[in-house]
Amino acid sequence: MAVNVQDLCMEYEQLLSQRRQWEPAWRDLVEFIRPNAKRIRDFQVPGAKQTERLYDPTAPDANRKLANFLNGALTSSSTRWFNLVTRDEELMRNREVSMWLDDTATRMYGALQQSNFNAAAPQVYASLTAMGNACTFLEERDSLARGFGGFRFIVVPVGQFVCGENHEGIIDTVGRSFDLSAKAAAGKFGLDALPDYIKEAYRDKPHERFQFIHLVKPRGTSGITNKKMPFGSYYFTLRDKTLVKESGYHELPMFVPRWEVEEGDVFGRGPGHIALPDIRSLNKVKELGLQALALQVRPPLMVPHDGVRGGKTRLTPASENVMLDDREIKPIQLGQDLKSEMVKADELRQAIRGVFHRDLVSLPDKNYMTATEIIKQLDLTHRELGPTIGNIQDQFLRPLIDRAFGLMWRKQQFLEPPPDLAGADLDVTYEGPLARAQRSGDMTAYQGALALVAGMAQFDEQVLDNLDTDEQVNYIWQVSGVPMRLLRSKGKRQQIRDARSQAAQQAAAIEGAQGTADVALTGAQAMGAAKEAMQPQGTA
């Protein structure tokens, strides 16, 4: 069935009209919180100054620190932040299965480390905390060989993507606008697929840039070819709506996490929306404070003369006002109170930092912290940011892992899975510091229960018969996030125990035989002594 480009354009325009309602607030958020980000639907000269109205850096700094905290806590670049598991606990006890899952997760993490993910993730979090929304596009890099080319992440700025939800409130349609030079467009889509005006630019002005739209939406059908995959991919020009490429994806390649979404909204709101009134006020207070400071440092002057020259009083710094009667040159004191302005500015700064959870994401001002204090701090942070972290995991990290797994699986980048894993459902667990802090409560409860049992065992040792130590070791390993490959398999563990039992039996048998021999020797010696005692005295 042929693609109707006009229908695609109409759907994109509908989504675009929904986005335009959010753009006025986004403009202020970009200007006051993310001044280095791309402007929202405003023409911007490359390299132009973007801080014309920004007088105080508190909001950008608070946003950056919250974003960096989330990046380090959820997707740290120094340690693997996810595990693959099955929902069948008995299957997870299978060593071959757990080893394959651990190896697969390690390979996926290695591929992410070799990509630009660690550069893209901080931008995603910064957009999410400031704007309440973010968008990331994951595709496979072009490879000259037939093997796996690796991952490539593209962070789409807020204001350059649109999205639509399905009946379950899950985003399943995403479009983005972007520009390419005529040379780059020919390399990506092929020269023959481009309209005539881009072909002419390719010959005469290869670096002239043109706008394109990329729309990804469900097809409703499924197949193995690009044009029958579950998600359709359509590239067309913005100028004349020419379809330049149609393909498809097995999974939705664009992820749109949202900080907090109200019922009926497609886009989300974040800390930036809440802090924006205080941010505006702080910048205005700072602007007025600088003007007052300039008036104090270089106040307007009163100069003696027959009248005020020009009939108008000048109040700009160092301005002169010619006075009628006064014969003394002196400054005009306007009575600005900079101290009250500084106090008000400090109050606004504290309020802004509070909205961006500065009290949670910053460690206490101490020279050192115990492990218990750190765990409590992380646990408090998780309780405060728990709903948001759930949104990030559900709308960003989980679909990212699913997409990465699918790309690598189809390029045969994993070992052959064990037969026992056939038909099993795979799941994801997260191993970042916040996830471990959440599980630390389980470990604390376990340690408390074990201490109670140990106390009871002092009065009755039979209570220890209730404990399965092998299961306890597995539980400790899982809660601690330690790789299961460090544990021996059930078969090897049993071999060690059988060998130990056999050695103990042999030692007991040898010890028993030695005891029998000693008893026999002692008996023989006793009988000899008795015979000697029974012999008559003097008998030869």
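Values in this document were obtained by computation on a predicted structure and should not be read as measured data.
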| query | After noting the C-alpha distance and the side-chain angles of Val428 and Asn83, does the key distance pass the side-chain contact (heavy atoms from CB on, under 4.5 Å) rule? | reply | CA-CA 6 Å; Val428 180; Asn83 277 332; over 6 Å; no
| So does Glu260 have more than 12 non-hydrogen atoms from other groups sitting under 6.0 Å from CD? | no
| Could you state the interatomic distance from CZ (Phe210) to OG1 (Thr237), rounded to the nearest 0.5 Å? | 10.0 Å
| task | Take atom CD of Glu13 as the centre, draw a 6.0 Å sphere, and report whether it contains more than 12 heavy atoms from other residues, nucleotides or ligands. | result | yes
| query | Ignoring hydrogens and geometry, is there a side-chain-to-backbone donor-acceptor pair from Ser76 to Ala73 under 3.5 Å? | reply | no
| request: Please step through side-chain contact (heavy atoms from CB on, under 4.5 Å) for the pair Val124 and Val155, ending with a clear verdict. | output: CA-CA 7 Å; Val124 173; Val155 179; 4.1 Å; yes
| task | Verify the neighbour count for atom NZ of Lys217: are there more than 12 heavy atoms of other residues, nucleotides or ligands below 6.0 Å? | result | no
| Just by distance, with hydrogens left out, do Glu139 and Tyr249 show a side-chain donor and acceptor under 3.5 Å apart? | no
| Taking the six-membered ring for Trp, are the ring centroids of Tyr430 and Phe82 within less than 6.0 Å of each other? | no
| query | Shortest non-hydrogen contact from Val261 to Gly268? | reply | CG2-CA, 4.2 Å
| Any chance NZ of Lys183 has more than 12 other-residue heavy atoms, nucleotides or ligands included, within less than 6.0 Å? | no
| said: Side chains of Arg80 and Thr106 only: does a donor on one sit below 3.5 Å from an acceptor on the other? | reply: yes
| request: State, yes or no, whether a side-chain contact exists between Phe161 and Val158 at a heavy-atom distance under 4.5 Å. | output: yes
| message | Main chain of Met131, side chain of Asn133: is a donor-acceptor contact present, judged purely on distance under 3.5 Å? | response | yes
| task | Check Leu215 against Gly175 and note the closest heavy-atom contact, atom names and distance. | result | CD1-CA, 3.9 Å
| note | Heavy atoms of Ala351 and Asp278 approach each other most closely as CB-OD2, 3.5 Å
| note | In this structure, CZ of Arg353 is separated from CZ of Phe356 (nearest 0.5 Å) by 12.0 Å
| Ile279 backbone acceptor or donor facing Asn283 side chain under 3.5 Å | yes
| Any donor-acceptor pair under 3.5 Å from Asn116 side chain to Phe153 backbone | yes
| said: Check this for me: does any side-chain nitrogen of one of Lys284 and Glu287 sit under 4.0 Å from a carboxylate oxygen of the other? | reply: yes
| message | Using side-chain heavy atoms (C-beta onward) and a distance below 4.5 Å, is Leu385 in contact with Phe69? | response | yes
| said: Less than 6.0 angstrom separating the ring centers of Phe148 and Phe151, yes or no? | reply: yes
| side-chain contact (heavy atoms from CB on, under 4.5 Å) between Thr75 and Tyr125, intermediate numbers included | CA-CA 10 Å; Thr75 52; Tyr125 294 120; 3.2 Å; yes
| query | Does some side-chain heavy atom of Asp56 sit less than 4.5 Å from a side-chain heavy atom of Phe32? | reply | no
| message | I need the Lys286 NZ to Tyr55 OH distance, nearest 0.5 Å. | response | 10.5 Å
| field | Donor-acceptor contact present, side-chain Arg19 to main-chain Gly159, <3.5 Å | value | yes
| Using a distance-only test with no angle check, is there a side-chain donor-acceptor pair under 3.5 angstrom linking Asn118 and Gln113? | yes
| request: Take Gln472 and Tyr446 through the test side-chain contact (heavy atoms from CB on, under 4.5 Å) and record every step on the way to the result. | output: CA-CA 9 Å; Gln472 291 183 61; Tyr446 164 75; 2.7 Å; yes
| note | Taking every heavy atom of Cys135 against every heavy atom of Met254, the minimum-distance pair comes out as SG-CB, 4.5 Å
| query | Out of curiosity, Ile389 CD1 to Leu70 CG, how far, rounded to the nearest 0.5 Å? | reply | 7.0 Å
| Tell me, do Leu238 and Ser177 make a side-chain contact under 4.5 Å, heavy atoms counted? | no
| note | d(Arg107 CZ, Asp102 CG) to nearest 0.5 Å is 11.0 Å
| Can you name the closest pair of heavy atoms from Phe117 and Pro122 and give their distance? | O-CD, 4.4 Å
| query | So is Arg269 actually on top of Phe267's ring, under 6.0 Å and inside 45° of the axis? | reply | no
| said: So, taking the atom named NE2 in His250 and the one named CH2 in Trp409, what distance separates them when rounded to the nearest 0.5 Å? | reply: 13.5 Å
| Below 4.5 Å, heavy atoms only, C-beta onward: do Tyr235 and Lys188 meet side chain to side chain? | yes
| Are Ile392 and Leu128 close enough that some pair of their side-chain heavy atoms sits under 4.5 Å apart? | yes
| task | Please determine if Asp265 and Arg258 form a salt bridge, counting it only when a charged side-chain N lies under 4.0 Å from a carboxylate O. | result | no
| request: Taking the side chain as every heavy atom from C-beta outward, state whether Thr129 and Trp259 have any pair of such atoms under 4.5 Å apart. | output: yes
| said: Can you confirm whether or not the ring centre of Phe236 sits under 6.0 Å from the ring centre of His214? | reply: no
| Minimum heavy-atom distance between Arg403 and Phe255, given as atom pair plus value | CB-CZ, 3.9 Å
| Is there a side-chain contact between Val162 and Val174 (heavy atoms, below 4.5 Å)? | no
| task | Measure from the side-chain N and O atoms of Asn63 to the backbone N and O of Leu66, and report whether any donor-acceptor pair falls under 3.5 Å. | result | no
